[in-house]
J.: 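I'd like to ask you about the structure that follows.
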Amino acid sequence: MVPFTLAHLSDPHLPPLPKPRLTELAGKRALGYVNWTRNRHKYQRREVLDALVADVRAQAPDHIAVTGDLVNLAMEAEFAPARAWLDEVGPPDRVTTIPGNHDAYVRATYHRFGETFAPYLADDDGRIGFPGVRRRGPVALISLSSAVPTLPLMATGTLGRDQLADLEQVLEQLATEDVFRVLLVHHPLKSDARQKRLTDSAALLALLKRRGVELVLHGHDHIHSTMWFEGPNGRIPAIGVPSASALAHGRYPAAAYNLFAIEKDNEGWRCEQIVRSIDHGLQIREIKRARVV
């Protein structure tokens, strides 16, 4: 049996940043714009993102998951180019995305992510909301949204009681099906940075301990990350990935993505992770291979 392949990339922070209107540069956006012009434009590069996506497409995965932060300051002018970029990544039946904190940067455009990327968010019933479930081959992709507008200098995420309650019902139903459950969430399930944490991670971890999934995929931290959490039948891997458009800088690695080869293994599942990263010459190469399930 040929494994089902799932590609995971995150945090493209689509460059370049459109020129903002003066009316848009207030409050949190003003600080974000200063950060972009002084720092982030140097290492969030479109040529890096394009090289990475070309390699993803060359690997011909069965499905691609993009775990948020498609835009930067959530200005109106950012959403159309971000949608055009995602259309180049693949069609909605082959690509799933969820929002990150930058996609919900301010309340004024909080609704724009759902409007712009609706076909990439819709679940199997055509409903747009969280949690959402998309079944692709042996995989059930479970989408969450931790994206909420926050105060300046804060990048926290929150799921909320209603989303967590609905997630429990979704996982209870999926437990009756023979599927490999992949949870997609932008924020990591554990963070030492108070200003970047998932505020209700304890509730999510308690839920996963009761109901379980096979794999959690996230972004947000812009680093390679594998954490393990307790589930009802063993440990659950939670895997993060660097920004898809980043040059290596400071403690942050160069852009990379993960490929997961998923297949049945007797009565259980087998999942192998392949990490592919960009080098200084904008060439993509494999840097890691490991079994995670």
Side-chain angles (χ1 to χ4, degrees), residues 3-11 56 59 61-68 96 98 100 131 133-144 146 157 159 164 167-168 170-171 174-175 177-192 196-198 200-244 253 256-277 286-293:
F4 181 94
T5 54
L6 173 65
H8 171 222
L9 59 115
S10 195
D11 298 74
V56 172
Q59 301 302 313
D62 294 297
H63 201 78
I64 302 170
V66 184
T67 51
T96 298
I98 59 171
V133 179
R134 293 179 138 198
R135 293 169 178 81
R136 299 293 186 268
V139 171
L141 296 158
I142 308 148
S143 299
L144 297 181
S146 58
L159 298 172
L164 286 166
L167 177 61
E168 179 130 32
V170 165
L171 294 182
L174 289 175
E177 304 178 27
D178 188 21
V179 290
F180 187 92
R181 299 161 296 174
V182 180
L183 189 70
L184 306 178
V185 60
H186 179 69
H187 288 76
L189 276 57
K190 182 180 179 181
S191 177
D192 295 328
K196 297 184 67 174
R197 75 194 192 284
L198 181 65
D200 43 9
S201 61
L204 177 58
L205 290 173
L207 193 162
L208 294 178
K209 184 176 180 180
R210 293 192 302 272
R211 297 298 182 187
V213 294
E214 279 63 55
L215 178 63
V216 178
L217 301 180
H218 69 85
H220 192 54
D221 284 345
H222 296 196
I223 59 174
H224 297 284
S225 173
T226 301
M227 295 181 281
W228 298 87
F229 299 99
E230 189 174 353
N233 300 305
R235 297 191 305 163
I236 300 169
I239 297 177
V241 69
S243 165
Y257 71 95
N258 291 321
L259 273 173
F260 298 95
I262 300 162
E263 60 185 326
K264 288 291 291 184
D265 184 12
N266 296 320
E267 296 302 314
W269 294 96
R270 177 183 177 89
C271 177
E272 183 180 52
Q273 175 195 13
I274 301 122
V275 184
R276 294 182 63 80
S277 179
E286 181 180 318
I287 62 170
K288 178 183 176 183
R289 186 178 291 248
R291 180 172 178 176
V292 294
V293 176

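Since this is a predicted model, take the numbers as computed values, not measurements.
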J.: How long is the span from the CG atom in L6 to the CZ atom in R136, to the nearest 0.5 Å?
T.: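 The CZ atom of R136 is 11.5 Å from CG of L6, to the nearest 0.5 Å.
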
J.: Keeping the roles fixed (side chain from S243, backbone from D11), state whether a donor-acceptor pair exists under 3.5 Å.
T.: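 Pair found, side chain donor or acceptor close to backbone of D11.
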
J.: Tell me every residue that passes salt bridge (charged side-chain N to carboxylate O under 4.0 Å, His left out) with D178, counting only those two or more places apart in sequence or in another chain.
T.: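 Result, salt bridge (charged side-chain N to carboxylate O under 4.0 Å, His left out) vs D178: K264.
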
J.: Short question: side chain of T67, backbone of L184 - any donor-acceptor pair under 3.5 Å?
T.: no

J.: How far apart are the C-alpha atoms of K288 and H224, what are their side-chain angles, what is the distance that settles it, and do they pass the side-chain contact (heavy atoms from CB on, under 4.5 Å) test?
T.: CA-CA 11 Å; K288 178 183 176 183; H224 297 284; over 6 Å; no

J.: With a 3.5 Å distance limit and no angle check, can you tell me whether D200 reaches the backbone of L159 through a side-chain donor-acceptor pair?
T.: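 It does hold such a pair.
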
J.: Answer yes or no: is there a side-chain heavy-atom contact under 4.5 Å between F180 and V293?
T.: yes

J.: Would you please test V182 and H63 for side-chain contact (heavy atoms from CB on, under 4.5 Å) and show each step?
T.: CA-CA 12 Å; V182 180; H63 201 78; over 6 Å; no

J.: Between atom CG of L189 and atom CG of L183, what is the distance when rounded to the nearest 0.5 Å?
T.: 7.0 Å

J.: Checking R211 now: which residues fulfil side-chain hydrogen bond (donor to acceptor under 3.5 Å, both in side chains) with it, not counting sequence neighbours?
T.: E168

J.: Can you tell me how far apart CD (E263) and CZ (R270) are? Round to the nearest 0.5 Å.
T.: 6.5 Å

J.: Without swapping roles, check the side chain of R181 against the backbone of G212 for a donor-acceptor pair under 3.5 Å.
T.: yes

J.: So, for G240 and N258, which heavy atoms are closest and what is the spacing to 0.1 Å?
T.: O-ND2, 3.9 Å

J.: Would you name the heavy atoms of V179 and W269 that are closest together and state the gap between them?
T.: C-CZ2, 3.5 Å

J.: Side chains of F260 and V139: closer than 4.5 Å at any heavy-atom pair?
T.: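 Side-chain contact under 4.5 Å: no.
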
J.: Output all residues satisfying ring pair (Phe, Tyr, Trp, His ring centres under 6.0 Å) with H8, sequence neighbours left out; order by chain, then residue number.
T.: none

J.: Which heavy atom of V170 sits nearest to which heavy atom of P131, and what is that distance?
T.: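 That closest heavy-atom pairing would be CG2-CG, 4.0 Å.
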
J.: Please name all residues satisfying ring pair (Phe, Tyr, Trp, His ring centres under 6.0 Å) with H220, sequence neighbours left out, ordered by chain then number.
T.: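 H220: ring pair (Phe, Tyr, Trp, His ring centres under 6.0 Å) contacts with H186, H187.
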
J.: How far apart are the closest heavy atoms of S10 and G219, and which atoms are they?
T.: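 Scanning both residues completely, I find the closest heavy atoms to be OG-CA, 3.3 Å.
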
J.: Taking only residues two or more places apart in sequence or in another chain, which ones pass side-chain hydrogen bond (donor to acceptor under 3.5 Å, both in side chains) with E286?
T.: R289

J.: Run L171 and I142 through side-chain contact (heavy atoms from CB on, under 4.5 Å) and show every step you take.
T.: CA-CA 9 Å; L171 294 182; I142 308 148; 3.7 Å; yes

J.: Which distance, rounded to the nearest 0.5 Å, do you find between the CG of L208 and the CG of L167?
T.: 7.0 Å

J.: Is the backbone of D62 close enough, under 3.5 Å, to the side chain of T5 for a donor and an acceptor to pair up by distance?
T.: yes

J.: Taking atom CD1 of I98 and atom OG1 of T96, what is their separation to the nearest 0.5 Å?
T.: 9.5 Å

J.: Would you call P61 and V56 a side-chain contact if the rule is heavy atoms closer than 4.5 Å?
T.: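 Touching, per the 4.5 Å side-chain cut-off.
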
J.: To the nearest 0.5 angstrom, please state how far the CD1 atom of I262 sits from the CD atom of Q273.
T.: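 CD of Q273 is found 11.5 Å from CD1 of I262.
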
J.: Among residues two or more places apart or on two chains, list those pairs meeting salt bridge (Lys or Arg N to Asp or Glu O under 4.0 Å) that have a residue in residues 231-242.
T.: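 Qualifying pairs: none.
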
J.: Of all heavy-atom pairs between F4 and P138, which one has the smallest distance, and what is that distance?
T.: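 Heavy atoms only, the tightest pair is CD1-CD, 3.6 Å.
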
